[in-house]
Amino acid sequence: MSESTAGLRPDRGTTELRSAPRHGADPDAAPGPDLDVAAEGARLAEAIGRVVEGKPDVVRLALVVLLAEGHLLIEDVPGVGKTTLAKALARTIDGTVRRIQFTPDLLPSDVTGVAVYDRDSRAFEFKPGAIFANVVVADEINRASPKTQSALLECMEERQVTVDGVSYELARPFMVVATQNPLEMEGTYPLPEAQRDRFTARVSMGYPDRDAELAMLDERATVDPLTALTPVVDAAQVRALVAAVGRLHVAEPLRRYVVSLVEATRRSPELRLGASPRAGLQLLRAARAAAALAGRDHVLPDDVQAMAVPVLAHRLLLTPDAALARRDTQRVVADLLTSVPVQRGH
């Protein structure tokens, strides 16, 4: 069942019925012409880095997904810090945070909420579920049944929840940070293609290097660094950062390059399922966020190429022959980057 993450403000998810805004647009976000996305990103990375040691690239990708207004799937073996990264990212934002421990007996209503009959008012009253928060940590998401997993589909794509025919808008920013263990198949349900496609990027933590692991043995013997982590930005600042990222310039040839990469996955003889149009949209958003974190006001082909594997690979399915040849989707995307020419122009 769901529970509030310790040390953070309780959930105040809105249940007001409103028309959902266009994705990426936030009328409440301040214009912030002087907002330094790179500086704010560095502050966030420094804070998270005090907890997730020796993984600057992983932390940076998590921030890219946050600023792209997307969702992050953290996939790796047990004990490498998947949940720690998710909690650390959540704690750096002074907003509402909820954690859901996905289990086989978790119900869709535990996630979305349920309408309860009130005898006094003689009407049904909506009780919000754990999904009503700015950051939702979905721990071991593949342990829940497909029926419960599907409760996230509308939330992640449309930023709203529909219960008994009534739609309730979710708070902004809204980000799902999910973890899963790819090796432990007993009692798990693989994420379907539609679910994986809603995650902007997938990241693997990997084992820490020797120095980082030694530092953990010394520093975490008696103290959990998560308890000392304090918010760096609030929800309004995150909305302003997202708006600033959305204003970055993307040249027309670079847009065509993104489309060419996505189309190449659909033509690859090694893939039986290529990237969707949603994948192209999220690749461009991630490239914008990467450029903003680098301190630029425009996107380069390097930004697209750096984001291509984490954004595209988890959405693709290999053909049986490619799987037998021990190919993987990350390698397929890397090969496509070498074969698809970069569009030139301004």
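Because the structure is predicted, anything quoted here is derived from the model rather than measured.
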Enter the distance from [X]:[atom1] to [Y]:[atom2] here, rounded to the nearest 0.5 Å.
X      : Y      : atom1 : atom2 : value
Thr319 : Arg272 : OG1   : CZ    : 8.5 Å
Leu248 : Asp297 : CG    : CG    : 6.5 Å
Glu69  : Phe174 : CD    : CZ    : 10.5 Å
Leu73  : Thr200 : CG    : OG1   : 10.5 Å
Thr179 : Arg143 : OG1   : CZ    : 10.0 Å
Leu241 : Gln237 : CG    : CD    : 7.0 Å

key: Other ILVMFWY residues reachable from Val259 by side-chain steps of under 4.5 Å   =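 In the cluster with Val259 there is nothing else; it is isolated.
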
Under the 3.5 angstrom rule, does the side chain of [X] hit a backbone N or O of [Y] as a donor-acceptor pair?
X      : Y      : value
Thr148 : Ala144 : no
Lys55  : Tyr207 : yes
Asn142 : Tyr189 : no
Arg285 : Gly70  : no
Asp76  : Met205 : yes
Thr265 : Ala275 : yes
Ser268 : Glu270 : yes
Thr162 : Gly165 : no
Thr329 : Leu316 : no
Arg196 : Leu191 : yes

Report yes or no: do [X] and [Y] form a side-chain donor-acceptor pair below 3.5 Å?
X      : Y      : answer
Glu75  : Gln180 : yes
Gln305 : Tyr257 : yes
Arg99  : Gln101 : yes

task = Begin with the C-alpha distance, continue with both residues' side-chain angles, and end with the deciding distance and a verdict on side-chain contact (heavy atoms from CB on, under 4.5 Å) for Ile100 and Val137.
result = CA-CA 6 Å; Ile100 310 173; Val137 180; over 6 Å; no

key: Electrostatic pair Arg159-Glu154, nearest N-O below 4.0 angstrom   =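 Salt bridge: no.
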
ask   = Between Lys127 and Asp118, is there a side-chain N and carboxylate O pair less than 4.0 Å apart?
value = no

Give every donor-acceptor pair under 3.5 Å between a side-chain atom in residues 42-52 and any protein atom, sequence neighbours left out.
from  : atom 1 : to     : atom 2 : distance (Å)
Arg43 : NH1    : Glu40  : OE1    : 2.7
Arg43 : NH1    : Glu40  : OE2    : 3.4
Arg43 : NH2    : Val232 : O      : 3.3
Glu46 : OE1    : Arg50  : NH1    : 2.5
Glu46 : OE2    : Arg50  : NH1    : 3.0

message = Can you classify the ring geometry of Tyr168 versus Phe126 as parallel (below 30°), tilted (30 to 60°) or perpendicular (above 60°)?
response =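 It falls in the parallel class, under 30°.
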
inquiry  = Grouping I, L, V, M, F, W and Y whenever their side-chain heavy atoms are under 4.5 Å apart, do Leu63 and Val245 come out in a common cluster?
reply    =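 Yes: a chain of side-chain contacts under 4.5 Å links Leu63 to Val245.
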
Single-linkage hydrophobic cluster, 4.5 Å side-chain cutoff, Val250 and Leu283 together =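 Linked, Val250 and Leu283 end up in one cluster.
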
key: Step-by-step side-chain contact (heavy atoms from CB on, under 4.5 Å) determination, Phe102 to Leu152   = CA-CA 12 Å; Phe102 278 72; Leu152 291 171; 4.0 Å; yes

query = Only one of His314, Gln282, Arg315 forms a side chain to side chain donor-acceptor pair (under 3.5 Å) with Asp197, so which one is it?
reply = Arg315

task = Please report the closest heavy-atom contact between Val64 and Ala286, naming both atoms and the distance.
result =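 Answer, listing the atom of Val64 first, then Ala286: CG1-O, 3.5 Å.
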
query = Given the rule in the salt bridge (charged side-chain N to carboxylate O under 4.0 Å, His left out) test, do Asp321 and Arg327 qualify, once you have shown the distances and angles that lead to the verdict?
reply = CA-CA 9 Å; Asp321 289 343; Arg327 294 282 284 171; over 6 Å; no

request  = Step by step, work out the side-chain contact (heavy atoms from CB on, under 4.5 Å) result for Glu252 and Leu254.
outcome  = CA-CA 5 Å; Glu252 183 61 28; Leu254 198 56; over 6 Å; no

inquiry  = Quick one, Asp335 with Leu337, criterion side-chain contact (heavy atoms from CB on, under 4.5 Å). Give me CA distance, side-chain angles, the key distance, then yes/no.
reply    = CA-CA 5 Å; Asp335 289 345; Leu337 288 174; over 6 Å; no

